[in-house]
Amino acid sequence: MELKIMKSDSEIMSTFDTVKELRPQLEKDSYVEKINRLNEVYQYNLVALIDDNEIKAVAGFRINESLAWGKYFYVDDLITKQVSRRKGYANKLWEWLIKQAKENKCEQFHLDSGVNRHDAHRFYLKGGLDISCHHFQMAIES
């Protein structure tokens, strides 16, 4: 089992099928370009958990700073492949993410989760997170 930050275009593309399970709107032909742009502009990184030469889980994260939260570690995306769930992969990835936040001297650890993702919520609560705010949004029509 290996945890690896995916940097090259081929490494990034190898995460597509897993990430698409969480983000079905993604298009394969623009995926690598989008990840590279997110990395360049927002320091977004993808880490993959690889077992038996197969990607089992992926997380997208960044380290940021704000007036409200100070220096914080933000997980944008966290997904274990459907066929690989309940095998401990999410826990290994979670432990790695928390370790990175500590090593980078972040004051807080954050993520947002869709209101319908009850299994994920149980995992996050068990992992030590609290529900600390409501997230509001609206689509902007062009």
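Here the structure is a predicted model, which means the values were calculated and not measured.
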Rounded to the nearest 0.5 Å, the NZ atom of Lys71 sits from the CD atom of Glu65 at a distance of 7.5 Å
Are Tyr31 and Tyr42 connected into the same hydrophobic cluster when the rule is that any two of I, L, V, M, F, W, Y join if their side-chain heavy atoms are below 4.5 Å apart? yes
Spell out, yes or no, whether Met13 and Val19 are grouped together once hydrophobic residues are joined by side-chain heavy atoms under 4.5 Å, including indirect joins. yes
Which residues pass the side chain to side chain donor-acceptor pair (under 3.5 Å) test with Lys102, not counting sequence neighbours? none
Do the charged groups of Lys99 and Glu95 touch, with an N to O distance under 4.0 Å? no
Asn104 (side chain) donor-acceptor with Gln100 (main chain) under 3.5 angstrom: yes
Residue Glu141 excluded, over 12 heavy atoms near CD under 6.0 Å: no
Can you hop from Leu3 to Leu46 via hydrophobic side chains spaced under 4.5 Å? no
Verify same cluster id: Tyr74, Ile98 (apolar side-chain graph, 4.5 Å): no
Do Trp96 and Phe61 have ring centres separated by under 6.0 Å? yes
Rounded to the nearest 0.5 Å, how far apart are CD1 of Ile12 and NZ of Lys34? 13.5 Å
Glu2 (side chain) donor-acceptor with Leu49 (main chain) under 3.5 angstrom: no
Determine the interplanar angle of the Phe109 and Phe73 rings, folded into 0 to 90°, and report it as parallel if under 30°, tilted if 30 to 60°, perpendicular if over 60°. parallel
Specify the closest pair of heavy atoms between Thr80 and Ala57, including all atoms of both residues, with the distance to one decimal. OG1-CB, 3.7 Å
Could you state the interatomic distance from CD1 (Ile63) to CG (Asn45), rounded to the nearest 0.5 Å? 8.0 Å
Where do Met6 and Val58 land on the side-chain contact (heavy atoms from CB on, under 4.5 Å) test, with the steps shown first? CA-CA 10 Å; Met6 309 304 262; Val58 177; over 6 Å; no
Say you draw a straight line from CD1 of Ile79 to CD of Glu21; how long is it, rounded to the nearest 0.5 Å? 5.5 Å
Has Lys20 got a side-chain atom pairing as donor or acceptor with Leu26's backbone, closer than 3.5 angstrom? yes
Rounded at 0.5 Å granularity, tell me how far CG in Leu78 sits from CG in Leu97. 6.5 Å
Can you tell me how far CD of Gln108 sits from OG of Ser66, rounded to the nearest 0.5 angstrom? 7.5 Å
Minimal heavy-atom distance between Lys28 and Asp17, with the atoms involved, is NZ-OD1, 4.3 Å
Check: Ala59 main-chain N/O paired with Asp77 side-chain donor or acceptor under 3.5 Å: no
With clusters defined by side-chain heavy atoms of hydrophobic residues (ILVMFWY) lying less than 4.5 Å apart, directly or transitively, does Val47 cluster with Val75? yes
With a 6.0 Å cut-off (strictly less than), is the heavy-atom count around CD of Glu54, excluding the residue itself, greater than 12? yes
Take atom CG of Asp29 as the centre, draw a 6.0 Å sphere, and report whether it contains more than 12 heavy atoms from other residues, nucleotides or ligands. yes
Tell me whether the rings of Trp69 and His110 are parallel (<30°), tilted (30 to 60°) or perpendicular (>60°). parallel
So, Asp76 and Tyr44: side-chain donor and acceptor under 3.5 Å apart, yes or no? no
Please determine whether a side-chain nitrogen of the Lys or Arg among Lys4 and Glu11 lies less than 4.0 Å from a carboxylate oxygen of the Asp or Glu. yes
Let me see the working for Lys87 and Lys56 under side-chain contact (heavy atoms from CB on, under 4.5 Å), right down to the final yes or no. CA-CA 10 Å; Lys87 297 180 181 173; Lys56 304 294 186 175; over 6 Å; no
Sub-4.5 Å side-chain heavy-atom contact between Asn64 and Tyr72: yes
